[in-house]
Amino acid sequence: MNCYQIQLSISSEQYKGYYRGSIRHVVARCSDGRSVQFPAALLQRVVTMDGIRGRFTLVCDADNRCIEIKPS
């Protein structure tokens with residue numbers, strides 16, 4: 001299992017594109033400088049009324065498929 005530490009700042013207005021499905025993937029920079037891409041659908045678990053802000057851990061399986069995002 002691989003884990004990536006990322007920082008996200010997505011306003012509630014910006015999140016509408018993810019919610020509607022017009023934006024399907026998120027690209028974020030990890031704390032170590034690497035970039036990761038993951039399905040926008042994973043964000044549903046961490047969205048609030050203000051959008052998505054903070055540090056998160058992106059959890060991937062052995063094949064590097066993203067399976068979960070959770071607050072760090």
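Since the structure is predicted, the reported quantities are computational estimates derived from the model, not experimental observations.
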>> Could you tell me if the side chain of Ser11 sits less than 4.5 Å from the side chain of Arg53, heavy atoms only?
In response: yes
>> Give me the atom names and distance for the closest heavy-atom approach of Arg29 to Ser35.
In response: NH1-OG, 3.5 Å
>> Once side-chain hydrogen bond (donor to acceptor under 3.5 Å, both in side chains) is applied, do any residues pair with Glu13, and if so which ones, sequence neighbours excluded?
In response: Lys16
Sequence neighbours excluded and cut-off under 3.5 Å, please list the side-chain donor-acceptor pairs for residues 40-52, or say none.
{"residue": "Thr48", "atom": "OG1", "partner": "Asp50", "partner atom": "N", "Å": "3.2"}
{"residue": "Thr48", "atom": "OG1", "partner": "Gly51", "partner atom": "O", "Å": "2.9"}

> Name the one of Val59, Ile69, Asn64 that satisfies side chain to side chain contact (heavy atoms under 4.5 Å, CB included) with Tyr4?
Replying inline: Asn64
> What's the spacing between Ser72 OG and Gln5 CD if we round to 0.5 Å?
Replying inline: 4.0 Å
> Excluding sequence neighbours, so at least two apart, what forms side-chain hydrogen bond (donor to acceptor under 3.5 Å, both in side chains) with Arg65?
Replying inline: Asp63
>> Could you report the tightest heavy-atom contact between Leu58 and Cys66, atom names first, then the distance?
In response: CD2-SG, 3.8 Å
> Between Tyr15 and Ile10, what is the shortest heavy-atom contact and its length?
Replying inline: N-CG2, 3.8 Å
> Hey, are the side chains of Val27 and Val36 touching, using non-hydrogen atoms and a 4.5 Å cut-off?
Replying inline: no
> With the 4.5 Å side-chain cut-off for hydrophobic clustering, are Leu8 and Tyr19 part of the same group?
Replying inline: yes
> If you measure only the distance, is there a donor-acceptor pair under 3.5 Å linking the side chains of Gln7 and Ser31?
Replying inline: no
> Could you state the interatomic distance from CE (Met1) to CD (Glu68), rounded to the nearest 0.5 Å?
Replying inline: 8.5 Å
